[in-house]
Enquirer: 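Take a look at the following structure, please.
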Amino acid sequence: MKKNDKNKDNMTLTEKQKYEERILQLEAKLHDAELDRDFLKKLHALRSGKQIGRKP
């Protein structure tokens with residue numbers, strides 16, 4: 001058994017929950033950043049007179 005595997009086995013449930021909650025928070029933050037990026041791209045395209053994301 002690898003050393004890393006032993007650490008996973010010794011991790012308490014509350015530690016796992018803490019890490020899972022942190023992952024969920026980071027995923028939400030990433031999603032918000034992606035929405036901001038997409039919004040800014042579209043705003044930039046509108047201001048420059050280009051159209052993006054539209055299919056003919």
Side-chain angles (χ1 to χ4, degrees):
M1 186 179 277
K2 294 180 183 178
K3 185 178 179 181
N4 207 13
D5 291 338
K6 285 184 179 181
N7 288 340
K8 288 180 184 178
D9 291 341
N10 292 334
M11 195 180 302
T12 64
L13 184 58
T14 55
E15 285 179 296
K16 287 181 183 180
Q17 289 172 337
K18 181 178 80 170
Y19 289 122
E20 288 172 353
E21 180 64 30
R22 182 67 176 143
I23 288 169
L24 290 174
Q25 290 172 349
L26 291 172
E27 286 175 340
K29 192 173 182 178
L30 175 61
H31 179 44
D32 290 346
E34 289 171 339
L35 288 175
D36 288 345
R37 179 205 58 209
D38 293 344
F39 175 80
L40 291 172
K41 277 184 176 180
K42 289 181 182 184
L43 179 63
H44 178 68
L46 288 172
R47 286 189 173 177
S48 65
K50 298 177 185 175
Q51 291 187 2
I52 61 171
R54 287 188 144 186
K55 294 182 180 178

Enquirer: What distance do Gln17 atom CD and Glu15 atom CD have between them, rounded to the nearest 0.5 Å?
Expert: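 If we round to the nearest 0.5 Å, Gln17:CD and Glu15:CD are 10.5 Å apart.
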Enquirer: More than 12 heavy atoms of other residues, nucleotides or ligands under 6.0 Å from CZ of Arg47: is that the case?
Expert: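 No, because the 6.0 Å sphere around CZ of Arg47 holds 12 heavy atoms or fewer from other groups.
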Enquirer: Taking the side chain as everything from C-beta on, heavy atoms only, tell me whether Leu24 gets closer than 4.5 Å to Glu27.
Expert: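 Yes, their side chains come closer than 4.5 Å.
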Enquirer: Would you give the length of the straight line joining atom CG of Leu40 to atom CG of Leu35, rounded to the nearest 0.5 angstrom?
Expert: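 If I round to the nearest 0.5 Å, the distance is 11.0 Å.
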Enquirer: First locate atom CG of Leu46, then atom NZ of Lys41, and finally report the distance between them rounded to the nearest 0.5 Å.
Expert: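 One finds 14.0 Å between CG of Leu46 and NZ of Lys41.
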Enquirer: Going from OG1 on Thr12 to NZ on Lys18, what distance comes out if it is rounded to the nearest 0.5 angstrom?
Expert: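 The distance works out to 8.5 Å.
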